Novice: 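One structure is given below, represented as structure tokens, and several questions about it will come after.
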Protein chains: 2
Amino acid sequence: MKPGCQTTTSNTLNARLATGGFRSTAQRQQVYEILQAQRDHPTAEEVFIRAKREMPDISMATVYNCLDALVKCHLIRLVNLDRGATRYCANMEDHAHFYCNLCGRFFDIEPQAVTLALPEGFQVTHTELSMRGSCPECGANHK
Amino acid sequence: MKPGCQTTTSNTLNARLATGGFRSTAQRQQVYEILQAQRDHPTAEEVFIRAKREMPDISMATVYNCLDALVKCHLIRLVNLDRGATRYCANMEDHAHFYCNLCGRFFDIEPQAVTLALPEGFQVTHTELSMRGSCPECGANHK
DNA sequence: TCAATAGTTGGAATAAGTCTAAAGAGTGGT
DNA sequence: ACCACTCTTTAGACTTATTCCAACTATTGA
């Protein structure tokens, strides 16, 4: 692990946690690093499995707790697709999600031109745009 | 109930059910009428409560079965918002959903100008756009 | 350093939805 | 009209994802 990079990451993390009124703990750092390291939108359970490799005593409740704290500090965000388990995403840029029905992978899509003409008086605080379909790889393989 | 109107509705319903390979049953008609009558995106449980008023013996499992059948026949659609219970919507026009954080009501929003520039090769089969915020009424009351 | 407070743990509890087996209802052939 | 066949409903058990709880542990400010 690059010490310089890690320090930067945990500085940001700790500062954000503190601002949100949360303490910095080893578990929260671990969970955040997992989401930073592999940006494949894992579920809470997948995060738990990965966290266990480094921290065998961590519990599921703690993983949920850490994820909640990170969401509240705007360090990660939730991704919901239909009724499946909630997924977590460390990409805080404005973006939409694309789920490939064939390979099951998630893709982040930049919304270059989304403009929605809302009727007057509606104030939007949160938008979620998600799509399903086939990704370029799977689409090509299917031909 | 207006007999003319009712006949039209149940004709469409029965035809669609038949096309989907489903039989027309009193329970399915009841559930469909509930969703037609009050377009407030009820949850399965809310549908169950409303159905019970007319049909006291109906069970929750039947409500789920009926909703499933109607979804498969493209007569209604699912609406998911975060982790809450699935909601059902009889508006089959292409539209987005707006949830008011203050009054908890759902609004259908016509997507007049949504264009998303997807990277090449992505084939979309299903899109879901949902928003949260405050509706005109609640926004006005808050001032 | 030490109390006060926040966080973690493992297991129990909950909510929403799905599955199953048995009983009930509708339909075509005789 | 009767029977067999199939589809549907029912009640309740089960599953999955998540939250709650009480006891223990770690972190922080004085």
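Being a predicted model, the structure only gives us computed values, none of them experimental. Labels below follow one simple rule: chain letters A, B, ... track the order of the sequence lines, proteins then strands, and each chain is numbered from 1.
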Novice: When clusters are formed by joining ILVMFWY residues with side-chain heavy atoms under 4.5 Å apart, either directly or through shared neighbours, do Tyr64(A) and Leu13(A) land in the same one?
Specialist: yes
Novice: Go through residues 51-64 of chain A and report each residue with a non-hydrogen atom lying under 4.0 Å from DNA chain D, sorted by number.
Specialist: Ala61(A), Tyr64(A)
Novice: Using only heavy-atom distances, determine whether the side chains of Arg83(A) and Asn80(B) contain a donor-acceptor pair under 3.5 Å.
Specialist: yes
Novice: Give the rounded distance in Å between these two atoms: CD of Glu45(A) and P of dT19(D).
Specialist: 14 Å
Novice: Taking only side-chain N and O atoms of Thr86(B), does any of them lie within less than 4.0 angstrom of OP1 or OP2 on dG17(C)?
Specialist: yes
Novice: Once you round it to whole Å, what is the distance between P of dG7(C) and NZ of Lys72(A)?
Specialist: 10 Å
Novice: If the threshold is 4.0 Å, N to carboxylate O, is there a salt bridge linking Glu137(B) and Arg105(B)?
Specialist: yes
Novice: Will you find, in the side chains of Asn101(B) and His126(A), an N or O donor that is under 3.5 Å from an N or O acceptor?
Specialist: no
Novice: Please give, in whole Å, the distance from dT8(D) P to Asn14(B) CG?
Specialist: 13 Å
Novice: Does this structure show an ion pair linking Asp40(B) with Arg50(B), if we count only N-O contacts that are shorter than 4.0 Å?
Specialist: yes
Novice: Enumerate the protein-to-nucleotides 27-30 of chain D contacts in which both atoms are nitrogen or oxygen and the separation is below 3.5 Å.
Specialist:
residue: dT27(D); atom: O2; partner: Arg23(A); partner atom: NH1; Å: 3.2

Novice: Does the side chain of His41(A) come within less than 4.5 Å of Glu46(A)'s, by heavy atoms?
Specialist: no
Novice: Whole Å only: how far is the CZ atom of Arg87(B) from the P atom of dA15(C)?
Specialist: 16 Å
Novice: Would you say Arg28(A) places a side-chain N or O within less than 4.0 Å of OP1 or OP2 belonging to dT8(C)?
Specialist: yes
Novice: Can a side chain N or O of Asn65(A) be found less than 4.0 Å away from OP1 or OP2 on dT8(C)?
Specialist: yes
Novice: Could you tell me the separation between the CD atom of Gln29(B) and the C1' atom of dG26(C), rounded to a whole number of Å?
Specialist: 14 Å
Novice: Can you confirm if the aromatic rings of Phe107(B) and Tyr99(B) lie within a centre distance of less than 6.0 Å?
Specialist: no
Novice: Atom CG of Asp82(A) and atom C1' of dT16(D): how far apart are they, to the nearest Å?
Specialist: 16 Å
Novice: Measure CZ/Phe22(A) against P/dT5(C) and give the value in whole Å, please.
Specialist: 18 Å
Novice: Between Phe106(A) and Phe98(A) (judged by ring centroids, cut-off 6.0 Å), do the two rings come close enough to count as a pair?
Specialist: no
Novice: Report the C-alpha separation of Arg132(A) and Asp82(A) in whole Å, then their side-chain angles, then the decisive distance to 0.1 Å, and conclude whether the salt bridge (Lys or Arg N to Asp or Glu O under 4.0 Å) test is met.
Specialist: CA-CA 10 Å; Arg132(A) 288 175 158 283; Asp82(A) 300 345; 2.7 Å; yes
Novice: Please state how far atom CG in Leu17(A) lies from atom P in dG7(C), giving the value in whole angstrom units.
Specialist: 9 Å
Novice: When you measure from the side-chain N and O atoms of Gln27(A) to the phosphate of dA26(D), is any distance below 4.0 Å, counting only OP1 and OP2?
Specialist: no
